[in-house]
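Computed from a predicted structure; not experimentally measured. Note: hydrogens, waters and symmetry copies are ignored here, and every other heavy atom, side chains too, is used. In the text below, chain A, chain B and the rest are named by the order of the sequence lines, each starting its count at 1.
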Protein chains: 2
Amino acid sequence: MKTSFGEYIRKLRTENGMTLTQLAAQLELDSANLSKIENGKREFDEKRLEKLATVFSLKLDDIKTEFFSDLFAKKIYENNCSMETLMVAEEKVNYLKSKNVKQGEIKFNTNE
Amino acid sequence: MKTSFGEYIRKLRTENGMTLTQLAAQLELDSANLSKIENGKREFDEKRLEKLATVFSLKLDDIKTEFFSDLFAKKIYENNCSMETLMVAEEKVNYLKSKNVKQGEIKFNTNE
DNA sequence: ATTATATTTGTCAAATATTGACAAGTCTAA
DNA sequence: TTAGACTTGTCAATATTTGACAAATATAAT
């Protein structure tokens, strides 16, 4: 199981027989910095997730799952958060979704 | 159910009959900025979580749960992440914990 | 061993983002 | 109408992140 997003990118890259320089060019960044990203010494920039999906013909959703789960896991681990945090987060997402309904949908009044 | 960390602080503050100025002083920040925090226009600074726990005699762990779950929920909502993200995050936390064992504990070799 | 290519590491200025602080505004209740 | 509580806007100071480059190391082929 791959943990870090860096390792995930490295796996994708090597499996596709690309060098740092090649992938870096496609992602429009410096190969030295991509190296740091793969080695967990820099963060991958959120704004490049789409490019990454394109380069490897992956679903953006899957890349996002990989990216954000990694972000959350690191935060939880670093800050010694309880696992409950994730459960509460789930509730809150559901709350946000119910509150702020997508455009075009009918929003019924709820209590409060 | 309170969603935002700002609302959470406001609830604590009003329940304890404090003014913005009073709480801000205890947290060592400007009351104007605390107002923005409560109204979701600024982020509460992680480094003040402990002070917050002290002021209201709450367990730091509970405050952290509130704080980070809010952070995660917002990210997921804003970026339209799949709910799976949270499950994957949980797996990754467990992986990080098993990999990087706390000091003093014995670490047996695992596969890889 | 020597060259070429790939990767890693260090550094630093520039670009961005966050914060602290203050002034001026609204709102409410006495 | 004054006082206290809260809100909003702004901006310089500070902190963080990023892009870029040079130099070091590693790896592989000849």
What donor-acceptor contacts under 3.5 angstrom involve side-chain atoms of residues 20-28 of chain A, with partners at least two apart or in another chain?
{"from": "A/Gln22", "atom 1": "OE1", "to": "A/Thr19", "atom 2": "N", "distance (Å)": "2.9"}
{"from": "A/Glu28", "atom 1": "OE2", "to": "A/Lys51", "atom 2": "NZ", "distance (Å)": "2.8"}

Separation of atom [atom1] in [X] from atom [atom2] in [N], rounded to whole Å:
| X | N | atom1 | atom2 | value |
| --- | --- | --- | --- | --- |
| A/Ile9 | C/dT7 | CD1 | P | 14 Å |
| A/Arg42 | C/dT7 | CZ | P | 18 Å |
| B/Ile37 | C/dT19 | CD1 | C1' | 10 Å |
| B/Asn33 | D/dT7 | CG | P | 12 Å |
| A/Leu71 | D/dT17 | CG | P | 12 Å |
| B/Glu38 | D/dA5 | CD | C1' | 12 Å |

Report the distance from atom [atom1] of [X] to atom [atom2] of [Y], rounding to the nearest 0.5 Å.
| X | Y | atom1 | atom2 | answer |
| --- | --- | --- | --- | --- |
| B/Leu60 | B/Glu50 | CG | CD | 5.5 Å |
| B/Lys74 | B/Ser4 | NZ | OG | 5.5 Å |
| A/Thr14 | A/Glu38 | OG1 | CD | 8.0 Å |
| B/Asp45 | B/Leu29 | CG | CG | 9.0 Å |
| B/Asn79 | A/Glu46 | CG | CD | 5.0 Å |
| A/Thr85 | B/Lys64 | OG1 | NZ | 8.5 Å |

Kindly say if [X] contacts the phosphate of [N], meaning a side-chain N or O under 4.0 Å from OP1 or OP2.
| X | N | value |
| --- | --- | --- |
| A/Asn39 | C/dT7 | no |
| A/Arg10 | C/dT8 | yes |
| B/Ser35 | D/dT7 | yes |
| B/Arg13 | D/dC6 | yes |

Are the side chain of [X] and the backbone of [Y] linked by a donor-acceptor contact shorter than 3.5 Å?
| X | Y | answer |
| --- | --- | --- |
| B/Asn39 | B/Lys41 | no |
| B/Ser35 | B/Ser31 | no |
| A/Asn16 | A/Met18 | no |

Extract from the structure each pairing of a protein N or O with an N or O of nucleotides 27-30 of chain D at less than 3.5 Å, listing the distance.
none

Protein-to-nucleotide contact annotation, 5' to 3' order, nucleotides 24-30 of chain C [B base; S sugar-phosphate only; - none; under 4.0 Å, heavy atom]: -------
Heavy-atom neighbours of A/Met87 CE exceed 12 at 6.0 Å: no
Close approaches to DNA chain C from residues 44-54 of chain B, in residue order (heavy atom, under 4.0 Å): B/Asp45, B/Lys47, B/Arg48
Residues in contact with DNA chain C, drawn from residues 20-30 of chain A - heavy-atom cutoff 4.0 Å: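 Result for residues 20-30 of chain A: A/Leu20, sorted by number.
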Sugar-phosphate, base or nothing in reach of A/Thr19, heavy atoms under 4.0 Å: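 It contacts sugar-phosphate atoms only.
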Non-hydrogen side-chain atoms of A/Val88 and A/Glu84 separated by less than 4.5 Å: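 Yes; the side chains approach each other to less than 4.5 Å.
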Residue pair B/Leu12 / B/Val55, side-chain heavy-atom distance below 4.5 Å: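 With C-beta onward as the side chain, the pair stays apart.
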Sequence neighbours excluded, every pair satisfying ring pair (Phe, Tyr, Trp, His ring centres under 6.0 Å) that has a member inside residues 12-31 of chain A: none
Bend angle of the helix from C/dA1-D/dT30 to C/dA30-D/dT1, from helix axes over five pairs at each end, nearest 10°: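 Computed from the C1' atoms at both ends, the axes differ by 30°.
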B/Ala32, nearest nucleotide to its side chain (from C/dT8, D/dT10, C/dA23): C/dA23
Minimal non-hydrogen separation, B/Lys75 against A/Phe68, with atom names: CD-CE2, 3.8 Å
Under 3.5 Å donor-acceptor pair, A/Lys36 side-chain atoms to C/dT11 base atoms: yes
Non-neighbouring partners of B/Leu86 that pass side-chain contact (heavy atoms from CB on, under 4.5 Å), sequence neighbours left out: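 B/Leu86: side-chain contact (heavy atoms from CB on, under 4.5 Å) contacts with A/Phe72, A/Leu86, A/Ala89, A/Glu90, B/Ile76.
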Any residue meeting side chain to side chain donor-acceptor pair (under 3.5 Å) with A/Asn94, in chain and number order, not counting sequence neighbours: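 Listed in chain order: nothing, the list is empty.
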For A/Phe5, all residues meeting ring pair (Phe, Tyr, Trp, His ring centres under 6.0 Å), sequence neighbours excluded: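 With sequence neighbours excluded, A/Phe5 shows a ring pair (Phe, Tyr, Trp, His ring centres under 6.0 Å) to A/Tyr8, A/Phe44, A/Phe67, given in chain and number order.
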Under the salt bridge (charged side-chain N to carboxylate O under 4.0 Å, His left out) test, residues paired with B/Glu78 that sit two or more places apart: none
Could you list all N or O pairs between the protein and nucleotides 12-14 of chain D that sit under 3.5 Å apart?
none

